[in-house]
Amino acid sequence: MRFDLDRLPTDPVLLQKILREMAEAMELERTELQAANATVKAQNLKIEKLEHRLARLLRVQFGRSSEKMDIAQLRLMFDEIDAPQPANDDAPATVEVQSVRKAGVRAPIPAHIPRQTTQHHPGPCSGGCGGAEAVIGEDVTEVLDYIPARFRVLRHVRPRIACRTCEQIRQAPAVDLPLPKVMASSALLAHLVVSRFVDHQPWHRQSVILRRQGVHIDRDVMGRWARKLAWLLAPIGERLLSYVLEAPKVHGDETPVTLLAGEAGSHTAYFWVYLRDGRSSGDMSPPAVAFRFTTGRGGEHPAAHLAGYRGYLQADGYAGYNVLYRDPKTKAPRDVTEVGCWAHARRKFTDVLEKTPSPIAAEAVVRIAELFAIEREIKGAPPDERRRVRQERALPKLASLRPWLEAQLKGLSSDSALAKACRYPLNRWAAMIRYCDDGLLEISNNLVENALRGVALGRRNWMFVGSIKGGDASALFYSLVETCRLNGVEPEAWFTDVIARTGSHPINRIDELLPWKWQAAQEIQNLEQAA
């Protein structure tokens, strides 16, 4: 509203009316401005969330899997931080040694590969002198060759013998097949399973590969064979889970997978994984991993899987695990103790840095990297030594990290990604620092995430699980192949032998088929044969 100051009315009442109207207009404009500012703030926050989510998706799809940040770049954001080298609890304790082999020099062909020698004689002398010859040396050229896989048919012939004296007819008993009424040897079944769950070849791709060699096995047939095989090997999977739950510390995690539901379409199901591996704390007990498949993600699933377990569970901050730590009604603590994961806390800050160069997120990453650097130095040490070092060096850093996070949180929007990253460790601080009180514990849950890499790689190839039975079978096979990997057991050799023995092996000696015990028995057998 504009007025001509030279022509204002002289009536006081009229002037008061004009002032009131001006005040009301200004109040209305102020209210509209506040509403507009609130809308802009909300829109900016929404844009920030979407950009943060997009950055995470792009990093998952195209970025590197490592969460290590370039500390040199972080120093540029805040020069006052004395940043150490980034560390990860899976990194070696010593500085990586440069490869002895020079660049451009071929690696030798492994000595264990059989050699076939072909002699190439130069022929007679050009002059045809016919003199005596002597070998004064030789040049050897080794070329790596490949013999394509080939199929063969094992014919088991059982003649019927008739005795002309006693008129008795004899015949050897029928051969025990690995799967009843399935004309496939244990070696073929093992190859199909390993190709699917180790080499990540879907059934349909394996069917195409076999068809090129003149063998026609439909992918549905392979799936049925795998489910039958899983039924036979299920006792080994159950024994693996019970062995995992015997440990004082278990790592847990879950990952989604698409499940086909017939006419209903598809929905999200989950693989749950539980890992036993104490080698970082000097425990040389064989590591093992157990997978389970469920159609949902509710807390009742880990509660059923870990029923009766007493000890530490290291997992992420998913609320579904809370039922294991305390009673939902009384809030009383239970026999499972929560251990936090600093890798998850670090990941939330690195996700922020993927989108924007935030000095707060960068400093948080450096502070957490200092904790991982300590773990790298004590990896493999006895539990008492690990606890002592953590009490002396890690606890003071954690004591200064908590108030710093709280101070940063006060100046951030409550719904921002950076605020959520700060709240993640603060909301579960007791669990996050618990690893300092027991040398058996780890700073992060990276060990179990490494066990999930096979599922993550395979999921990109086979895309979905066709049925609940198929999901249960896949969980069993992932348990077996990952346990073989952790113990350095060649999976195809293990499957070939165990599948052949499963039908006749006593159930009370099931431990003999566990990968590490099987390998120890094979080594003893090889030594006896060599002697």
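Values below: every heavy atom of this structure, side chains too, minus hydrogens, waters and symmetry copies.
- Listed for the R158 side chain is a donor-acceptor partner under 3.5 Å among the backbone atoms of A172.
- For the pair R297 and Y318, the cation-pi test (distance below 6.0 Å, angle within 45°) is passed.
- Remark: side-chain polar atoms of R227 are not paired, donor with acceptor, to backbone N or O of K469 under 3.5 angstrom.
- Distance alone, capped at 3.5 Å, places no donor-acceptor pair between the Q314 side chain and the K249 backbone.
- Pairing each heavy atom of A230 with each of L476, the nearest pair is O-CD2, 3.2 Å.
- Between Q519 and E490 the shortest side-chain heavy-atom distance does not fall below 4.5 Å.
- Closest of all the heavy-atom pairs between R386 and G380 is NH1-N, 4.2 Å.
- Ring geometry for Y478 against F271 counts as perpendicular: the plane angle is over 60°, on a 0 to 90° scale with 30° as the lower cut.
- At a threshold of 4.0 Å, the pair D327-K329 does not count as salt-bridged, since none of the basic side-chain nitrogens sits closer than that to a carboxylate oxygen.
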- Task: I would like to know whether R196 and E492 meet salt bridge (charged side-chain N to carboxylate O under 4.0 Å, His left out); could you show each step before the answer?
- Result: CA-CA 11 Å; R196 167 70 184 250; E492 191 158 345; over 6 Å; no
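- Of all heavy-atom pairs between Y321 and G252, the closest is OH-C, 4.0 Å.
- Heavy-atom contacts from other residues, nucleotides or ligands closer than 6.0 Å to CD of Q529 number more than 12.
- Relative ring orientation between H305 and Y274 is described as perpendicular, the plane-to-plane angle rising above 60° on a 0-90° scale split at 30° and 60°.
- The main-chain N or O of R509 is found under 3.5 Å from a side-chain atom of H505 such that the two form a donor-acceptor pair.
- Counted by atom type alone, D283 and S285 present one or more donor-acceptor pairs between their side chains at under 3.5 Å.
- Few gaps surround CG on N508; more than 12 heavy atoms of other groups in view lie less than 6.0 Å from it.
- Counted within 6.0 Å of CD on Q171, heavy atoms from surrounding residues, nucleotides or ligands total more than 12; the atom is thus considered enclosed.
- A salt bridge links R292 with E238; the closest basic N to acidic carboxylate O contact falls under 4.0 Å.
- Closest approach of R334 and P328 over heavy atoms only: NH2-CD, 3.7 Å.
- In this structure, the side chain of E142 does not engage the main chain of I109 through any donor-acceptor pair within 3.5 Å.
- A donor-acceptor pair under 3.5 Å is formed between the side chain of R387 and the backbone N or O of D437.
- Listed here is the closest heavy atom pair of R390 and D438: NH1-O, 3.1 Å.
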Margin query: Quick one, R459 with V465, criterion side chain to side chain contact (heavy atoms under 4.5 Å, CB included). Give me CA distance, side-chain angles, the key distance, then yes/no.
Written below: CA-CA 9 Å; R459 187 169 49 202; V465 174; over 6 Å; no
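- Few gaps surround CG on N526; more than 12 heavy atoms of other groups in view lie less than 6.0 Å from it.
- Using a 4.0 Å cut-off between a side-chain N of Lys or Arg and a carboxylate O of Asp or Glu, D220 and R224 do not qualify as a salt bridge.
- The existence of a salt bridge linking R347 and E449 is confirmed by a sub-4.0 Å separation between a basic side-chain nitrogen and an acidic carboxylate oxygen.
- Ring-plane geometry between F495 and F477 is classed as tilted, the angle between the planes lying from 30 to 60 degrees on a 0 to 90 degree scale.
- The line from CD1 of I374 to CG of L371 is 6.0 Å long, rounded to the nearest 0.5 Å.
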Test L179 against L232 for side chain to side chain contact (heavy atoms under 4.5 Å, CB included), laying out the working first.
CA-CA 9 Å; L179 297 178; L232 285 178; 3.5 Å; yes
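- Minimum interatomic distance between P178 and I499 (heavy atoms only, all atoms of both residues): CB-CG2, 3.7 Å.
- With values rounded to the nearest 0.5 angstrom, H251 atom NE2 is found 7.0 Å from D277 atom CG.
- The 12-atom threshold is not exceeded at CZ of R310, counting heavy atoms of other residues, nucleotides or ligands nearer than 6.0 Å.
- Of the possible polar contacts, none joining the D335 side chain to the Y309 backbone as a donor-acceptor pair under 3.5 Å is found.
- The closest donor-acceptor contact from the side chain of S479 to the backbone of A475 lies under 3.5 Å.
- Counted by atom type alone, N461 and H200 present zero donor-acceptor pairs between their side chains at under 3.5 Å.
- For the atom pair CD1 of I236 and CD of E512, the computed distance is 11.5 Å after rounding to the nearest 0.5 Å.
- The local environment of CZ in R160 is sparse, with at most 12 non-hydrogen atoms from other residues, nucleotides or ligands closer than 6.0 Å.
- For I113, the CD1 atom sits in a packed shell: over 12 heavy atoms of surrounding residues, nucleotides or ligands are nearer than 6.0 Å.
- Between R239 and D511 there is a salt bridge, since at least one side-chain N of the basic residue sits less than 4.0 Å from a carboxylate O of the acidic one.
- With no hydrogens or angles considered, no side-chain donor-acceptor pair links R346 and T350 at under 3.5 Å.
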### Stepwise salt bridge (charged side-chain N to carboxylate O under 4.0 Å, His left out) check, R453 with E482
CA-CA 10 Å; R453 287 180 180 177; E482 287 297 325; over 6 Å; no
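- A donor-acceptor pair under 3.5 Å is formed between the side chain of T483 and the backbone N or O of V289.
- Between W272 and H301, the ring-plane angle classifies as tilted under the 30° and 60° cut-offs.
- A cation-pi geometry, defined here as NZ or CZ lying under 6.0 Å from the six-membered ring centre and within 45° of its normal, holds between R276 and Y243.
- Within a 6.0 Å sphere centred on CZ of R219, other residues, nucleotides and ligands contribute 12 heavy atoms or fewer.
- The closest donor-acceptor contact from the side chain of S186 to the backbone of T496 lies under 3.5 Å.
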